[in-house]
Every structure is written in structure tokens, then in C-alpha cells.
Enquirer: 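Handing you a structure now.
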Amino acid sequence: MAHTAAIHTEKPSKWSGGSSPFKVEYGKLMMWFFLLSDSFTFGGLLISYGTTRFATIGWPDPNVAFSKFPGYGGTAPLAFVSLMTFILIISSVTMVLAVQAGKEMNKRDVVKYLILTIVGGFIFLGCQAWEWTHLYHEGAWWGANPFANSNGTQSTQNFTNFFFTITGFHGFHVFSGVCINIIMLIMTLCNKFEQRGHYLMIEKAGLYWHFVDLVWVFVFTCFYLV
């Protein structure tokens with residue numbers, strides 16, 4: 001009597017090699033790893049700032065330190081940095097639209113929204129350059145703090161040291177993001193993504209740009225609102 005042996009086949013594990021867990025594209029996964037490591041750097045800087053800020057008896061009032069607006073002779077507390085924040089948020093919206101256009105293989109819209117994102121990035125950097133220049137002429141720089149504490153006592157240099165270090169580090173990330181988007185724009189105009197059949201690189205660049213925008217929310221809160 002012939003007996004038929006039952007054959008049991010096991011479904012290979014997602015983690016056994018040869019496949020991508022959760023079907024995440026390799027480049028996108030590596031971008032997430034990079035952003036995670038970068039968030040630790042920003043987190044360390046902001047935690048260091050917060051620890052110093054709340055361990056200090058007095059601290060300059062941001063409404064006084066950041067009260068100037070280009071072309072306006074009076075005081076407009078936090079108005080200029082609010083405009084900077086709005087510009088950066090709008091550039092994040094145009095980046096979302098560029099990514100969506102890429103998914104739809106719409107080259108024309110990808111080009112349009114990438115240009116708008118790049119312009120927004122340059123405007124933000126220009127605003128930051130004006131702010132730094134204005135503060136420098138007022139005597140603020142690394143190792144120099146002309147602003148008194150809000151309680152009238154003499155302030156330390158920690159305020160300006162942290163401000164220029166953290167906003168400068170963030171500004172470098174914005175500049176890097178603008179350069180990346182320019183490269184994406186050139187590749188789009190050269191039909192590189194049309195030849196590949198997808199715009200995944202635009203999505204990876206978008207992840208970086210959104211990260212830069214998100215970090216600015218924390219920087220804005222820590223330096224200008226608290």
C-alpha cells in the first residue's frame with residue numbers, strides 16, 4: 001500500500017534575508033536611519049540648551065532680542081521669525097505636492113513644485129542671514145551677548161552661544177536640503193526619473209526636507225517662545 005508523504009512548506013520569515021521587511025525600499029530605509037541619527041544630534045543640542053536655560057536664574061526676553069523687522073523702524077516682537085516659519089512651512093507643502101506629482105509620473109508638476117520649494121528654502125536662508133547680520137551689528141555673536149536678562153540682571157554668553165550654534169546647524173541643514181532639491185530638479189529636467197520609471201528619489205529628498213521643517217518647529221519653540 002502506497003503512502004503519500006505530506007509535504008510541509010514553511011513560509012520564509014521576513015527577516016530571513018533576501019527580502020525587505022515591510023517592503024520598504026532600501027534607499028528610503030537608509031534615509032530613515034540617517035534622519036534618526038540626525039535627530040539625536042539635534043535632540044542633544046536642544047536638551048543641552050533647555051538644561052542650561054532652566055538652570056539659569058535670568059534669561060534674555062526673546063520679545064526684546066528678536067523685535068526688529070526689515071524696513072520697519074519700530075518694534076515688532078517675533079514678527080520676522082514668524083514670517084520665516086510660515087515660509088518654511090509653505091515650502092514643506094510644495095514638497096508634498098512635488099512628491100505626489102512624482103507618484104503620478106507628472107514631470108511638469110514635479111518641476112514646478114520643486115522650484116517653489118527651492119525658492120522657499122532660499123528665502124528662508126536669506127531671512128536667517130538678515131537676522132544674523134542684524135544681531136551681529138547689535139553686538140550679539142559667539143562669546144558676546146548685549147541683551148540683559150528679562151529681570152534686569154546681567155546675562156551670560158550662553159544665550160548667544162546656543163542661539164548661533166543651533167540655528168546655524170539648522171541653517172546648514174536647510175542649505176543642504178536646497179542643494180539636494182536642486183540636484184533633484186536637474187535630474188528631473190534630464191528625464192532621469194522618467195527613464196527609471198519612478199520618482200522615488202524625490203520622495204527621499206522630501207523626507208529630508210520635512211525633517212528639516214519639523215526640527216525648526218522645536219528650534220522656534222525653544223528660542224523664540226520659551
Side-chain angles (χ1 to χ4, degrees), residues 20-46 81 83-133 163-223:
S20 174
F22 310 114
K23 297 183 179 178
V24 178
E25 193 263 338
Y26 174 79
K28 191 187 296 185
L29 186 63
M30 292 302 102
M31 176 59 78
W32 277 113
F33 281 146
F34 168 75
L35 296 180
L36 180 62
S37 65
D38 212 19
S39 66
F40 291 151
T41 306
F42 274 108
L45 288 170
L46 290 174
V81 70
L83 176 62
M84 290 171 58
T85 304
F86 176 75
I87 291 169
L88 202 59
I89 291 174
I90 291 299
S91 74
S92 192
V93 173
T94 56
M95 191 73 223
V96 169
L97 295 174
V99 171
Q100 183 58 38
K103 290 180 179 179
E104 298 170 358
M105 299 298 291
N106 187 338
K107 175 185 171 182
R108 180 175 172 275
D109 281 355
V110 170
V111 170
K112 177 175 68 175
Y113 291 122
L114 275 180
I115 291 175
L116 290 175
T117 304
I118 292 166
V119 170
F122 273 128
I123 293 175
F124 178 85
L125 289 172
C127 290
Q128 191 171 55
W130 181 89
E131 183 181 51
W132 274 39
T133 303
F163 174 80
F164 287 110
T165 299
I166 295 178
T167 59
F169 190 54
H170 177 267
F172 172 74
H173 279 71
V174 175
F175 177 75
S176 299
V178 169
C179 291
I180 291 171
N181 284 332
I182 290 174
I183 294 172
M184 294 301 102
L185 177 61
I186 294 172
M187 292 179 71
T188 303
L189 293 173
C190 293
N191 291 321
K192 295 295 183 182
F193 302 125
E194 293 289 330
Q195 294 168 9
R196 295 178 186 179
H198 60 77
Y199 282 79
L200 282 175
M201 286 289 290
I202 302 294
E203 191 170 351
K204 296 168 198 173
L207 287 174
Y208 181 83
W209 192 256
H210 297 320
F211 170 77
V212 169
D213 289 357
L214 179 62
V215 168
W216 177 252
V217 173
F218 290 97
V219 174
F220 174 77
T221 302
C222 289
F223 280 105

Enquirer: Out of curiosity, L200 CG to K103 NZ, how far, rounded to the nearest 0.5 Å?
Expert: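 Answer rounded to 0.5 Å: 9.5 Å.
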Enquirer: Got a second to check how far R196's CZ is from M187's CE, nearest 0.5 Å?
Expert: 4.0 Å
Enquirer: Working to the nearest 0.5 angstrom, can you tell me the gap between F223 CZ and L46 CG?
Expert: 7.0 Å
Enquirer: Considering residues at least two apart in sequence or located in another chain, which fulfil the side chain to side chain donor-acceptor pair (under 3.5 Å) criterion with Q128?
Expert: none
Enquirer: Should D213 and I89 be marked as a side chain to side chain contact (heavy atoms under 4.5 Å, CB included) after you check the CA-CA gap, both sets of side-chain angles, and the distance that decides it?
Expert: CA-CA 7 Å; D213 289 357; I89 291 174; over 6 Å; no
Enquirer: What are the two closest heavy atoms between L125 and G171, and how far apart are they?
Expert: CD2-O, 3.6 Å
Enquirer: Could you go through the side chain to side chain contact (heavy atoms under 4.5 Å, CB included) check for K112 and L97 one step at a time?
Expert: CA-CA 9 Å; K112 177 175 68 175; L97 295 174; over 6 Å; no
Enquirer: More than 12 foreign heavy atoms under 6.0 Å from CZ of F34: is that the case here?
Expert: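 Yes, because the 6.0 Å sphere around CZ of F34 holds more than 12 heavy atoms from other groups.
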Enquirer: Parallel, tilted or perpendicular: which one describes the rings of H170 and W216, with boundaries at 30° and 60°?
Expert: tilted
Enquirer: What residue pairs, at least two apart or across chains, pass ring pair (Phe, Tyr, Trp, His ring centres under 6.0 Å) with a residue in residues 175-196?
Expert: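 Sorted pair list: F193-Y199.
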Enquirer: First locate atom NZ of K204, then atom CD1 of I180, and finally report the distance between them rounded to the nearest 0.5 Å.
Expert: 12.0 Å
Enquirer: Determine the sole option in I87, I118, I90, L88 for which the side-chain contact (heavy atoms from CB on, under 4.5 Å) test with I123 is passed.
Expert: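 That would be I87.
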Enquirer: What's the shortest heavy-atom distance between L45 and I166, and which atoms?
Expert: O-CD1, 3.7 Å
Enquirer: Can you sort out the partners of Y208 under ring pair (Phe, Tyr, Trp, His ring centres under 6.0 Å), two or more places apart, ordered by chain and number?
Expert: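 Scan of Y208 (ring pair (Phe, Tyr, Trp, His ring centres under 6.0 Å), adjacent residues dropped) gives none.
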Enquirer: Does CZ belonging to F164 count more than 12 external heavy atoms closer than 6.0 Å?
Expert: yes
Enquirer: About how many Å separate CG of L83 and SG of C127, when rounded to the nearest 0.5 Å?
Expert: 5.5 Å
Enquirer: Tell me if the CZ atom of F86 is crowded by more than 12 foreign heavy atoms within 6.0 Å.
Expert: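 Not more than 12 within 6.0 Å, no.
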Enquirer: Grab the two heavy atoms, one from S91 and one from W209, that are nearest each other, plus how far apart they are.
Expert: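 Closest approach of S91 to W209: OG-NE1, 3.0 Å.
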